[in-house]
Amino acid sequence: MNDPDQDLRDLFARQREAEHALVPAFRSLQRRATHEPSARAYAWRWALACGAATAVALLFMIQPAQTAPSLTQALPVFLPPAEAASTWLAGLSSSATDTPSDFLLPHHLQLTVL
């Protein structure tokens, strides 16, 4: 019997052979990927890692030591010194100083700071 699909099978077989001829050789890539690196490659890797570690260590050793500033220099001044405190406390207790937020308080409240 004559197979009606034989022409189609022959066509696919020829196409498969043509594609097989165009496929790159992967055996050399597979051989390179699976073989063990040489001792020389390991030596270069170790030398590179040791050199990088040495460079980082030298960078930390070369930087000048920074001393921390004292607290009197680092912290901002929130209140004036004690001798000047009497002048600004006296200004608060006088009724002549009205703060901008006095209008928010009820009229019957008159707060004075002693």
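Fair warning: this is a prediction, and the values are worked out from it, not measured in the lab.
Take Ser70 and apply the side-chain contact (heavy atoms from CB on, under 4.5 Å) test, not counting sequence neighbours, and it matches Thr72, Gln73. Listed by chain and residue number, Pro37, Ser38 satisfy the side-chain contact (heavy atoms from CB on, under 4.5 Å) test with Ala41 (two or more places apart in sequence, or in another chain).
The hydrophobic cluster containing Leu8 also includes Phe12, under a criterion of side-chain heavy atoms closer than 4.5 Å among ILVMFWY residues, counted directly or through chains of members. The hydrophobic cluster around Val56 extends to Phe60, counting ILVMFWY residues whose side-chain heavy atoms fall within less than 4.5 Å of a member.
Applying the side chain to side chain donor-acceptor pair (under 3.5 Å) definition to pairs two or more places apart or across chains, those involving residues 7-16 are Asp3-Arg9, Gln6-Asp10.
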